[in-house]
Amino acid sequence: MTPLPLPSDPPPLFQNLLVEPEEARSILRPQKDDRYGFGFALSPYRGCGHGCRYCYVRDYPNALHKPEDWGEWVAPKLNAPELLWSQRYRLHGERVFMASATDPYQPLEREYRLTRRCLEVLLLCPTTEVIVHTRSPMVLQDLELLRAFGDRLTVGLSIPTDDDTVRQAVEPHAPAIPSRWAAVERLAAAGIGVTVAVAPLMAVHAPEAFARRARTSGASNAWVGRLRLLKQDPFYKVLADHGWLKVLDPTYAEGIRQAFAEAFPIRRRSREKAEKPPPPPPTPVCQPGLFDRVG
């Protein structure tokens, strides 16, 4: 691939953000997840400009930044698309999660476009499934590219609360909740599979209405994930000061899960389909594009 020119200095929009471009040594991290079971995590950036106050990535080993500096720095991995291209042979029949340690559509993506360029590589790997997870409607800027993946790509939108005043307290630099609902609707209308991720679960005003909103938005699935606090996490005081400690109670989370389970009932196959023998395995075919050079 031919590298594209990238900004050498942060544009005015990001003057309050420490931008530290770097050359990464690796880009695919083997990972096993109980929910998705994906094979590799792919993060085009280190750090995240959204700076959510609860993010567990704050505590990742980092010699250059303290956990309390989370959200004030981002390191774009300038060679991420080229590294991914050189490692594409590892992706045959695998699943890629973008991203587990950063938001692939954080504000800096407007300038660096590393997520888009990585997606362009993944599009050329026809046996690879892709999960894009974000809390930003900026994902819509790549709508046509996402559609080109067909049913081997899904998008997860993180909507941890139904109340934007809660979002302002816990995710002050992340996009507003109404804009995320609009993104879910547009993605679903474009035929892209969308999952609403109520994760990490924050205070919810009306669980049943929240779940119905997710269903009517066009999302095909939804799930609820509990908050994971760090040791002596200062975010505990944020929850206590706002009266939101209930989100740490397993019974509270279970109540929210039940509301979503009712809105997204599990589809069961009919007896006739269940007893029908599975079709024979397809005849192996040559997959074009996986090893062809581009750019």
Side-chain angles (χ1 to χ4, degrees), residues 26-46 48 50 52 55-57 77 80-81 83-85 87-88 90-106 109 113-160 174-175 180-181 183-201 214 217-226 228 260 264 266 290:
S26 62
I27 195 63
L28 292 173
R29 182 160 60 95
Q31 191 162 342
K32 176 67 177 178
D33 179 83
D34 291 338
R35 173 168 295 276
Y36 294 112
F38 53 82
F40 294 99
L42 192 166
S43 297
Y45 302 88
R46 275 196 315 113
C48 183
H50 286 156
C52 300
C55 187
Y56 62 87
V57 184
K77 301 177 184 179
L83 273 178
L84 182 60
W85 174 255
Q87 294 290 303
R88 67 196 184 280
R90 303 174 63 188
L91 299 178
H92 178 67
E94 295 287 354
R95 180 175 293 165
V96 173
F97 185 90
M98 185 191 293
S100 63
T102 189
D103 193 317
Y105 284 100
Q106 61 179 288
E109 171 66 9
R113 308 297 276 136
L114 293 172
T115 294
R116 179 181 177 88
R117 294 173 59 206
C118 285
L119 284 171
E120 289 172 342
V121 173
L122 292 172
L123 182 63
L124 297 172
C125 302
T127 65
T128 304
E129 295 183 18
V130 180
I131 300 171
V132 176
H133 191 81
T134 182
R135 54 187 22 82
S136 175
M138 195 191 304
V139 66
L140 295 173
Q141 69 184 4
D142 291 334
L143 187 63
E144 292 306 314
L145 175 58
L146 299 173
R147 289 183 64 186
F149 281 84
D151 60 5
R152 64 186 179 95
L153 177 141
T154 58
V155 175
L157 257 294
S158 178
I159 307 180
R180 303 187 203 184
W181 285 126
V184 172
E185 292 169 354
R186 284 195 57 190
L187 288 165
I192 297 170
V194 187
T195 295
V196 170
V198 186
L201 174 63
S217 70
S220 55
N221 194 11
W223 65 280
V224 179
R226 292 181 59 195
R228 187 172 76 189
F260 275 84
F264 291 85
I266 298 175
L290 186 57

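Keep in mind that the numbers below use all heavy atoms, side chains included, and drop hydrogens, waters and symmetry copies.
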Sequence neighbours left out, what passes side-chain contact (heavy atoms from CB on, under 4.5 Å) with [X]? Give chain and number order.
X      : value
Gln31  : Arg29, Phe38, Ala41, Ser100
Arg152 : Leu123, Thr128, Glu129, Phe149
Arg186 : Leu140, Leu143
Ser217 : Trp181, Val184, Glu185, Arg213, Ala219

Check whether any side-chain heavy atom of [X] lies under 4.5 Å from a side-chain heavy atom of [Y], and answer yes or no.
X      : Y      : value
Arg180 : Pro160 : yes
Cys118 : Leu42  : yes
Thr115 : Val139 : no
Cys55  : His50  : no
Leu114 : Glu109 : yes
Leu153 : Val132 : yes
Asp103 : Tyr45  : no

Check [X] against [Y] and note the closest heavy-atom contact, atom names and distance.
X      : Y      : value
Pro200 : Arg135 : CD-NH2, 4.4 Å
Val121 : Pro81  : CG2-O, 3.9 Å
Leu146 : Leu187 : CD1-CD2, 4.2 Å

> Leu122 and Met98: side-chain contact (heavy atoms from CB on, under 4.5 Å), yes or no, with the steps?
Replying inline: CA-CA 11 Å; Leu122 292 172; Met98 185 191 293; 3.9 Å; yes
> Thr102 and Val57: side-chain contact (heavy atoms from CB on, under 4.5 Å), yes or no, with the steps?
Replying inline: CA-CA 8 Å; Thr102 189; Val57 184; over 6 Å; no
>> Can you list everything that forms a side chain to side chain donor-acceptor pair (under 3.5 Å) with Gln87? Sequence neighbours excluded, please.
In response: Arg90
> Excluding sequence neighbours, so at least two apart, what forms side chain to side chain donor-acceptor pair (under 3.5 Å) with Ser43?
Replying inline: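 Expected list: none.
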> Between Arg46 (side chain) and Lys77 (backbone), is there a donor-acceptor pair under 3.5 Å?
Replying inline: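 Checking the backbone N and O of Lys77 against the side chain of Arg46, no donor-acceptor pair under 3.5 Å is found.
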> Is a side-chain N or O of Thr154 found less than 3.5 angstrom from the main chain of Ile131, in a donor-acceptor match?
Replying inline: no
> What pairs with Phe264 under ring pair (Phe, Tyr, Trp, His ring centres under 6.0 Å), at least two apart in sequence or on another chain?
Replying inline: none
>> Before you tell me yes or no, could you show the steps for Ile192 and Arg147 under side-chain contact (heavy atoms from CB on, under 4.5 Å), namely the whole-Å CA-CA distance, both residues' side-chain angles and the distance that decides it to 0.1 Å?
In response: CA-CA 6 Å; Ile192 297 170; Arg147 289 183 64 186; 3.8 Å; yes
>> Just verifying a value: how many Å separate Leu157 CG and Tyr105 OH, rounded to the nearest 0.5 Å?
In response: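 These two atoms lie 11.5 Å from each other.
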>> Could you go through Ser158 and His133, starting from their C-alpha distance and side-chain angles, then the distance that decides it, and tell me whether this counts as side-chain contact (heavy atoms from CB on, under 4.5 Å)?
In response: CA-CA 7 Å; Ser158 178; His133 191 81; 3.9 Å; yes
> Who passes salt bridge (charged side-chain N to carboxylate O under 4.0 Å, His left out) against Arg116, sequence neighbours left out?
Replying inline: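 For Arg116, the residues satisfying salt bridge (charged side-chain N to carboxylate O under 4.0 Å, His left out) (neighbours in sequence not counted) are Glu120, Asp142.
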